[in-house]
Amino acid sequence: IFKWLYDDGLIYRAERLVNWSPDLRSVLSDAEVIHEDVEGELVSMRYGSLDDSQPHIVVATTRVETMLGDTAVAVHPDDARYAELVGTEIELPLTGRMIPIIADAHVDPEFGTGAVKVTPAHDPNDFEIGKRANLPMLTIMDETGLIQGTGTAFDGLDRFEARVAVREALREQGRIVAEKRPYLHSVGHSERSKEPIEPRLSLQWFVKVGPLAQAAGDAVRDGTVQISPPEMARRYFDWTDNMHDWCISRQLWWGHRIPVWYSPDGSQSVCLGPDEQPPDGWVQDPDVLDTWFSSALWPFATLGWPEQTADLAKFYPTTVLLTGYDILFFWVIRMMMFGMYAMDGNPSGAEPFHTIALHGMVRDKFGKKMSKSRGNGVDPLVWMDEYGSDAVRFTFARGANPGADLPVGEEIVAGSRNFCTKLWNATRFAMLNGASTDGDLPTELVGADAWIISRLNSVIAQVDALYEDFEFAKIADLLYHFAWDEVCDWYLELAKVSLADPDTAGTTRRALGEVLDGLLRLLHPFIPFVTEALWTELTGGESIVIAPWPTPDPARLDPAAEQAIEALQAVVLDLRRFRSDQGVKPSQRIPVRFTGLAGNEREIRTLLRLDEPTEQFAATASLTTAAGVRIELDLSTAVDFAAERVRLNREYAVAQKELEQTQSKLGNENLLAKAPEQVVAKLRERNAAARADIDRIAAALDALPD
RNA sequence: GGGCGCUUAGCUCAGCGGAAGAGCACUCGGUUUACACCCGAGCGGUCGCUGGUUCGAUCCCAGCAGCGCCCACCA
């Protein structure tokens, strides 16, 4: 691809000002430079004569040492103060060199003295000015950051030592007219080695990104490639629309080498493809390619490109690229540019993927960025040792809201571990009780079996919909609650009842197998190892990895069964709360009589350890559920009426508030006129329910002895 | 200097026009034959502030105040 780009004029070699890392002794791309505010100094110094009557000019800089490489002083063309000086020459202190005073529109007359020293070889702005004015470009530093070649006493000094030394030398001459310290300003640092980068003039290889970036941007603009979440597209365009040419050569010892050879005398060069041989005696360019150049080849090089392989045909373009938003510029855009170019040999070939889904960055449990200086980084391997790799993976899934960062903490991982354990225990228990996936699930299910199978199919459909939007956190949450709250807390408890009955045990074993089979497959992407172990044992299948993804069966949805279980839950919840309020131990068996129960009495009695009323039954307490079920209890101990009164009053207040709220809304004619019918209907329903609640609770309060 | 985003229970986060939610933490109870990495019952929020739009605003709009991120060549 290098050769293609080269032959198309999209790769060229040029002497440019580049980001140089003296530590790495290599060039860096713009993307590898991070700007940070640092406390430096702003020193104003006087060039030219020290005699006020003679020509002189004051310039300011944060990098005094670069004055050794100055080749001009620039002022704004319209600046009257310096109009006379423009075109003249002035002496550069310490060097004795004469440098011109030039006019350049880049200079801001409002800043400082309105005069700028120009160091074309060591500052990007100055480089541009220098090009415009045809100034000499004097390199005064070697590749390790030492001052070199100035012919002054400062040669050999480190750039930071020189900054001080030059400043003091100027001070001795009385040329320092002002100093501002600390002076907060932004300085580019190497992302990897952290030291300040040095703009440096050198001969490097560049990719001319204009046409490539344009095509990559258009692919997203015209909807061929979608970015999720869509807000992130703006950042993508920021980049594609403003990308500078990309410096791709690196002076490192590892990486793909630049496929260019030079003749022995250096006068000729040739770019060769993989199968071509250089002439005898020619030597290859010692530089290697930027790692992102190589990484950009990933979507097609891994599939056998440039051969037209079956893999390439099948998997290129792929559907979704899932990655972190921090890598959008580094990797994603470059894959787009090279992928499109590689396919057709022109910038607008086939895109490597159709959807770019971006997730956030992992942060610490307080939502802070992990960093060495903060010391809040974590080693996932340590967590994996302690809590299991499934727990760590599930934690990341639980936190993965699209485009948002995800905080992780040990407590959350522990919670995920608990969930894995719960899943393990529940499935083991079910298998111990004969849970099975053998044979067809009976079409006619009843009771809890019908309910949980209905719920399973509804959950499958919800999960599928959430996957469409890359809502991993919501999928994890949905499955967490379905598994824990519904399957474990309710269904397994209810199944115990029907498993104890030979008439229903067989069907329930099959239903149990069905729901666990589905649940494990749904959870497998998030909890791979535990689900694999459980599933293969439950089903006897080869591997859950190759098991088909569950599909929702609308015929299994059973609103009546769901309603029946909800009614059961309401009764159980009411009784549990009553018992807890009354301080009655869960283990204590109580004789209870129900009136108006629609069904599931056996299940309710088992769940709550309630006895049938005997002949001596004498109700000492009673309550009525919102659904109108009357429950009479024969408590052996005295009833704590005060506690019951407190509870009823609390409920009364809630119902009262609900009544007032709905009443006032329903009394609003504007609302009745403008609100959608469903909203009004719902308000009426709530209003009626609140009214019924109040009556019921008031009656219960009245019935309490004083 | 531009742009984007965030501000909801003690903590971390969902919800984004018609009844305030989850996990963790906290309180109380528990030798219920899967699980104490558990079970059951609770407590906890004028949804950053000020205006506006609307019959109705945590949700939409404007301003303000704090955070955070990205981009940018102010010597």
Side-chain angles (χ1 to χ4, degrees), chain A residues 17 35 42 44 59-63 66 74 106-108 110-119 123-129 185-186 188 199 231-232 234-235 238-239 242 325-326 328-329 360-361 363-369 387 391 398-399 401 403-409 411-412 414-433 471 473-474 477 480-481 488-489 492-493 496 572-573 576-581 583-589 606-609 657-658 661-662 665 668-676 678-680 682-683 686 690:
Chain A
L17 205 61
H35 287 86
L42 181 68
S44 300
V59 296
T61 181
T62 54
R63 302 179 56 211
T66 60
H106 167 77
V107 179
D108 175 6
E110 304 294 318
F111 188 92
T113 57
V116 183
K117 60 191 276 306
V118 182
T119 323
D123 181 279
N125 290 318
D126 296 1
F127 178 73
E128 294 302 321
I129 296 175
H185 65 132
S186 176
E231 309 90 81
M232 289 287 176
R234 197 181 301 267
R235 289 192 183 184
D238 273 352
W239 200 262
N242 300 304
Y325 64 73
D326 61 319
L328 187 61
F329 308 141
M361 313 293 297
R363 293 173 173 263
D364 77 3
K365 64 178 170 177
F366 298 113
K368 296 288 181 199
K369 192 192 262 185
Y387 300 102
R398 279 211 286 174
N401 286 117
D405 288 338
L406 70 128
V408 297
E411 300 91 330
I412 309 174
S416 300
R417 183 269 321 266
N418 295 354
F419 179 65
C420 293
T421 307
K422 184 78 179 176
L423 197 63
W424 180 266
N425 286 328
T427 310
R428 302 288 306 180
F429 172 73
M431 287 190 289
L432 222 57
N433 282 279
E471 293 279 7
K474 290 186 177 59
D477 188 63
Y480 179 96
H481 286 289
C488 292
D489 288 351
L492 281 181
E493 295 307 318
K496 286 175 186 172
V572 171
L573 255 28
R576 285 212 281 237
R577 187 166 51 189
F578 178 80
R579 191 135 67 169
S580 182
D581 285 348
V584 179
K585 294 189 174 178
S587 55
Q588 186 184 332
R589 303 197 66 90
T606 309
L607 247 45
L608 293 166
R609 306 171 78 77
K657 190 181 165 196
E658 173 75 354
Q661 223 173 50
T662 52
K665 286 196 173 189
N668 183 335
E669 285 179 20
N670 277 323
L671 182 145
L672 296 180
K674 296 183 180 178
Q678 305 144 304
V679 171
V680 177
K682 198 161 183 188
L683 278 171
R686 285 171 52 199

message: Looking only at the side chain of A/Pro676 (C-beta and beyond, no hydrogens), which of the listed nucleotides B/A75, B/G18, B/C24 gets closest?
response: B/G18
message: Whether the side chain of A/Ser580 engages the backbone of A/Arg576 through a donor-acceptor N/O pair (distance < 3.5 Å, no angle test) should be reported.
response: no
query: Can you tell me if A/Asp123 uses its side chain to pair, donor with acceptor, with the backbone of A/Asp126 under 3.5 Å?
result: yes
message: So does A/Gln588 get a backbone contact from the side chain of A/Arg579, meaning a donor-acceptor N/O pair under 3.5 Å?
response: yes
- request: For residues A/Arg686 and A/Gln661, report the shortest heavy-atom separation together with the two atoms involved.
  value: NH2-OE1, 3.7 Å
query: When the C1' atoms of B/G48 and B/C39 are considered, how many whole Å apart are they?
result: 39 Å
field: A/Glu493, nearest nucleotide to its side chain (from B/A75, B/A34, B/U32)
entry: B/A34
- request: Determine the Euclidean distance between corresponding P atoms of B/C67 and B/G30; express it in Å to zero decimal places.
  value: 48 Å
- prompt: Looking at B/A34, B/C73, B/G29, which one has an atom nearest to any side-chain atom of A/Pro586?
  reply: B/G29
- prompt: Who is the Watson-Crick or G-U wobble partner of B/C47, with both distances under 3.5 Å?
  reply: none
- prompt: Considering Watson-Crick and G-U wobble pairs with both distances under 3.5 Å, what does B/C60 pair with?
  reply: B/G52
Protein-nucleotide distance (A/His106, atom NE2; B/A75, atom P), rounded to Å: 9 Å
field: Among B/A75, B/C37, B/C70, the one nearest A/Thr61 by side-chain distance
entry: B/A75
Are any protein N/O atoms closer than 3.5 Å to N/O atoms in nucleotides 5-14 of chain B? If there are, list each pair with its distance.
residue, atom, partner, partner atom, Å
B/A14, O3', A/Lys474, NZ, 3.3

field: Of the listed nucleotides B/A75, B/G30, B/C70, the one nearest the side chain of A/Lys369
entry: B/C70
- prompt: What integer distance in Å separates A/Arg417:CZ from B/C35:P?
  reply: 17 Å
task: Round to a whole Å and report the spacing from CZ of A/Phe429 to P of B/A34.
output: 5 Å
field: Nucleotide nearest A/Thr62 (side chain, heavy atoms from C-beta), chosen from B/A34, B/A75, B/G3
entry: B/A75
statement: note: A/Asn242, atom CG; B/A72, atom C1'; distance rounded to Å ~ 10 Å
message: From C-beta outward on A/Trp239, which listed nucleotide comes closest to its side chain: B/C70, B/A75, B/C71?
response: B/C71
field: Nearest listed nucleotide, side chain of A/Thr421, among B/G30, B/C37, B/A19
entry: B/C37
message: Tell me whether A/Asp477 contacts the main-chain N or O of A/Ala473 through its side chain, where contact means a donor paired with an acceptor under 3.5 Å.
response: no
- prompt: Say you pick atom C1' in B/U33 and the same atom in B/U27; how far apart are they, in whole Å?
  reply: 30 Å
Over all atoms of both residues, closest heavy-atom pair of A/Cys488 and A/Lys422: CB-CE, 3.7 Å
Approximate separation, where rounding is to 0.5 Å, of A/Leu492 CG and A/Phe429 CZ: 6.5 Å
Pair partner, B/A19 [Watson-Crick or wobble, under 3.5 Å]: none
task: Using the C1' atoms only, state how far B/A14 lies from B/U8, rounded to an integer number of Å.
output: 10 Å
task: Figure out the NZ/P separation between A/Lys117 and B/C74, and round it to whole Å.
output: 16 Å
Nearest listed nucleotide, side chain of A/Val679, among B/C4, B/G18, B/G30: B/G18
- prompt: How far apart are the C-alpha atoms of A/Lys117 and A/Thr66, what are their side-chain angles, what is the distance that settles it, and do they pass the side chain to side chain contact (heavy atoms under 4.5 Å, CB included) test?
  reply: CA-CA 9 Å; A/Lys117 60 191 276 306; A/Thr66 60; 2.7 Å; yes
Polar side-chain atom of A/Asp405 near backbone of A/Met361 as donor-acceptor pair, under 3.5 Å: yes
- request: Can you tell me the pairing partner of B/A65 across any strand shown, Watson-Crick or G-U wobble, with both distances under 3.5 angstrom?
  value: B/U7
query: If we take the C1' atom in both B/U58 and B/U7, what is their distance in whole Å?
result: 12 Å
- prompt: Taking the C1' atom of each, how far is B/A9 from B/G45, in whole Å?
  reply: 5 Å
message: Which nucleotide, if any, forms a Watson-Crick or G-U wobble pair with B/C74, using both distances under 3.5 Å?
response: none
Separation of atom CD in A/Glu669 from atom P in B/G56, rounded to whole Å: 14 Å
query: Under a 3.5 Å cut-off for both distances, is B/U27 Watson-Crick or wobble paired, and to whom?
result: B/A41
query: Which whole number of Å gives the distance between the P atom of B/U31 and that of B/G44?
result: 28 Å
- prompt: A/Arg235 side chain: which of B/G18, B/C69, B/A34 is closest?
  reply: B/C69
Heavy-atom closest pair, residues A/Val59 and A/Val116: CG1-C, 4.0 Å
message: Can you tell me the base-pairing partner of B/A14? Count Watson-Crick or G-U wobble geometry only, both distances below 3.5 Å, and say none if there is no partner.
response: none
Same-atom distance (P) from B/A75 to B/G17, integer angstrom: 45 Å
message: Would the distance check show the side chain of A/Arg398 and the main-chain N or O of A/Ile412 forming a donor-acceptor pair, the cut-off being under 3.5 Å?
response: yes
message: Less than 4.0 angstrom between a side-chain N/O of A/Lys368 and OP1 or OP2 of B/G68, yes or no?
response: no
query: Over how many whole Å does the gap from A/Asp108 atom CG to B/C73 atom C1' extend?
result: 13 Å
task: Measure from CG on A/Asp238 to C1' on B/G2 and round the result to the nearest Å.
output: 9 Å
Base-contact (B) and sugar-phosphate-only (S) positions in nucleotides 40-48 of chain B, heavy-atom cut-off under 4.0 Å, - elsewhere: SSSS-----
